[in-house]
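Below, chains carry the letters A, B, ... as their sequence lines are ordered, and counting in each starts from 1.
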Amino acid sequence: MLDMKYLRSNFVEVKERLKFRGEDMSAFEDFEALDQRRRDLLGQTEELKSKRNSVSQEVARLKREKQDADSLIVEMREVGEKIKTLDIELRETEEKLESLLLNMPNIPHESVPAGESEDDNVEVRRHGDIREFDFEAKPHWDVATDLDILDFERAGKVTGSRFTFYKGAGSKLERALISFMLDLHTEEHGYTEMMPPYMVNRASMTGTGQLPKFEEDAFRVEAEDYFLIPTAEVPVTNYHRDEILNGDDLPISYAAYSANFRSEAGSAGRDTRGLIRQHQFNKVELVRFVKPEDSYAELEKLTGHAEKVLQLLGLPYRVLNMCSADLGFTAAKKYDIEVWLPSYNTYREISSCSNFEGFQARRANIRFRREKTGKPEQVHTLNGSGLAIGRTFAAIIENYQQEDGSVIIPEVLRPYMGGKERITKK
RNA sequence: GGAGGGAUACCCAAGUCUGGCUGAAGGGAUCGGUCUUGAAAACCGACAGGGGAGUCAAAUCCCGCAGGGGUUCGAAUCCCCUUCCCUCCUCCA
């Protein structure tokens, strides 16, 4: 959500900035009229309430002194009715205004490249050499199924499409990746580990920006009106919802492992095989609360923390600065990290690192105080995958596969795998 | 799931039965001061925050006792709904 006062005085400029990201602005044209209407109604009702307050004091005084107050009471009855009517109208206006604001996307940062589609994303850097295979590299689902470490077929029977069973060394590898990443981020990068709830309420989904616009992307538990989390970003960012943080404690950094659930509405037919697009997947998510003046420097650090995982795993990757059309609804700036997948012969997204500035903090009401006496200010929130585990699993299987169908385990993971160096057929 | 009890400011806590100088007592913590070589103690002082409207800035006004409705001239106080916490019973990994 954007700042209402800022919008009020910079509406023309904001419209320009949002057009830059390809947004249709017609839905927001009512802003100025609604804002004005709200303030008019507020002025009227507040004036009447002020009158009611003072007259009520007067009535109390008269009653104490055993004098007659009936005429005042009759007069106030009418004022009360007017207030009620005005308040209803005010509430309706505020609801419209809020709905408008909740559907308005974030403003891109000036360092975001202009673009019309994902083709206009700008590659910032590459790391690692792409391996030359002297045999034909197989897709990870074939390698893993042959090794009996993933079972998509039975998952289809037990649940449905886009689910999998990890099995044996596969399950252990997945677990090793989770532990390795959490240990790296907590021990080397200063994050506090967290395990969040996997279901959240509507207010939390609204706080981070999944709602109201993208409800069809989430799985919903109808009886409770809870949502299965699409990312740990939701529970972990909302951890500090409606709080005023101590400025001295910033930046606050959390690394959270969780399963993630996405309906993948609108993705039918895309990436139907393998681990790339599942309804349920594991991820270690990095979430940070920072001071506004630090947020862009912190975004660079955060992205570096995610890259470090790939460097240590020896996986080639590149970093993209997402263009204005591919930013998503909530981000002011976003880097995607893409890992090399031999069977696709391309880089595929494995992490997304974003600076939301005050966009989520305003929705979720997360503030901080610089000094004891200071006014609360909005924090800036950042997050990034560090990394998506399932896609990392796929990248390891594909990049480390051997001609005999076995897979070499990257050295940094071996301590988490009981010293095992290679996954082989039984 | 059943039966009770709670939620008041940073923390503790009175007020709720019996609606009106409660625009919320008192204590603790915190901050400032006196005293002291320094500190502690004691004493004095400050301490409802936050949001909104308004303004160049103020003044001023509105909201605010878990959240949301209602009754009333007037609600922390009466009524209804929701959430969360506690105790006991039941069930359960």
| said: By the 4.0 Å heavy-atom rule, please label A:Arg362 as base, sugar-phosphate, or nothing. | reply: nothing
| task | Check every strand shown and say whether A:Lys84 touches a base, only sugar-phosphate, or nothing at a heavy-atom separation below 4.0 Å. | result | sugar-phosphate
| request: Round to a whole Å and report the spacing from CD1 of A:Ile83 to P of B:rC73. | output: 12 Å
| task | Give the rounded distance in Å between these two atoms: CD of A:Glu46 and C1' of B:rU55. | result | 15 Å
| task | In plain terms, say whether A:Asp146 and A:Lys425 are close enough for a salt bridge, that is, a side-chain N and a carboxylate O under 4.0 Å apart. | result | no
| field | Heavy-atom pair of closest approach, residues A:Glu94 and A:Arg38 | value | OE2-NE, 3.0 Å
| Pairwise P distance, B:rG23 and B:rC62 [rounded to whole Å] | 12 Å
| What integer number of Å spans the P atoms of B:rU82 and B:rA24? | 32 Å
| field | Interatomic distance at C1', B:rC47 relative to B:rG28, whole Å | value | 13 Å
| said: Measuring to OP1 and OP2 of B:rG50, would you say a side-chain N or O of A:Arg369 lies under 4.0 angstrom away? | reply: yes
| field | Shortest non-hydrogen contact between A:Thr186 and A:Thr192, atoms and distance | value | CG2-C, 4.4 Å
| Taking N and O atoms by type only, does the side chain of A:Gln57 place a donor or acceptor under 3.5 Å from a partner on the base of B:rG20? | no
| message | Between B:rC21 and B:rU16, how far apart are the two P atoms, rounded to whole Å? | response | 13 Å
| request: Measure across A:Leu327 and A:Pro108 and return the closest heavy-atom pair with its distance rounded to 0.1 Å. | output: CD1-CB, 3.8 Å
| task | Ignoring backbone atoms, establish whether A:Arg38 has a side-chain N or O less than 4.0 Å from OP1 or OP2 of B:rA53. | result | yes
| query | Donor-acceptor pair, A:Glu98 side chain versus A:Glu95 backbone, under 3.5 Å? | reply | no
| request: Take A:Arg91 and A:Arg39, find for each the nucleotide of RNA chain B with the closest heavy atom, and name the residue whose nucleotide sits nearer the 5' end. | output: A:Arg39
| field | Length of the line joining A:Ile244:CD1 and B:rG51:P, which is rounded to integer Å | value | 7 Å
| task | With heavy atoms under 4.0 Å as the rule, sort A:Val59 into base, sugar-phosphate or nothing. | result | base
| message | Suppose you measure atom P in B:rC78 against the same atom in B:rU87; what distance do you get, rounded to whole Å? | response | 26 Å
| query | When all nucleic acid strands are considered with a 4.0 Å heavy-atom cut-off, which category describes A:Asp70: base, sugar-phosphate, or nothing? | reply | nothing
| request: Measure the distance from CD on A:Glu94 to P on B:rG52 and round it to the nearest whole Å. | output: 11 Å
| Whole-Å P distance, B:rG68 and B:rU18 | 27 Å
| To the nearest angstrom, how far is A:Leu34 atom CG from B:rG52 atom C1'? | 17 Å
| message | Using only atom types and a distance under 3.5 Å, with no angle test, would you say the side chain of A:Ser343 pairs donor to acceptor with the backbone of A:Lys138? | response | no
| task | Take the protein atom CG of A:Asn201 and the nucleotide atom P of B:rG68, then report the distance between them rounded to whole Å. | result | 16 Å
| said: Does B:rG23 have its OP1 or OP2 closer than 4.0 Å to a side-chain nitrogen or oxygen of A:Asn53? | reply: no
| remark: Which of A:Tyr166, A:Trp141, A:Tyr400 passes ring-ring contact (aromatic ring centres under 6.0 Å, His included) with A:Phe393? It is A:Tyr166
| Is the ring centre of A:Phe329 less than 6.0 Å from the ring centre of A:Phe359? | yes
| Nucleotide B:rG68, atom C1' - distance to CG of A:Asp87 in whole Å | 14 Å
| How far, in whole Å, is B:rA58 from B:rA66 if one measures between their C1' atoms? | 35 Å
| Nearest-angstrom distance from the residue atom CZ of A:Arg64 to P of B:rG19 | 15 Å
| message | So A:Lys49, base contact, sugar-phosphate only, or nothing? Heavy-atom distance under 4.0 Å. | response | sugar-phosphate
| task | Give the minimum heavy-atom separation between A:Ser385 and A:Lys283, together with the two atoms involved. | result | CB-CD, 3.7 Å
| So what does A:Leu72 touch, heavy atoms closer than 4.0 Å: a base, only the sugar-phosphate, or nothing? | nothing
| If we take the P atom in both B:rA39 and B:rG32, what is their distance in whole Å? | 12 Å
| query | Relative to the 5' end of RNA chain B, which residue comes earlier, A:Arg61 or A:Arg52, by the nucleotide with the nearest heavy atom? | reply | A:Arg61
| request: Report yes if at least one side-chain N or O of A:Arg367 is closer than 4.0 Å to OP1 or OP2 of B:rG50; otherwise report no. | output: no
| request: Taking Watson-Crick and G-U wobble pairs with both distances under 3.5 Å, convert RNA chain B into its dot-bracket string, 5' to 3', dots for unpaired and | for cross-strand pairs. | output: ((((((((.[[[..)....(.....]]].(((((.......)))))...((((......))))..[[[[[..)....]]]]])))))))....
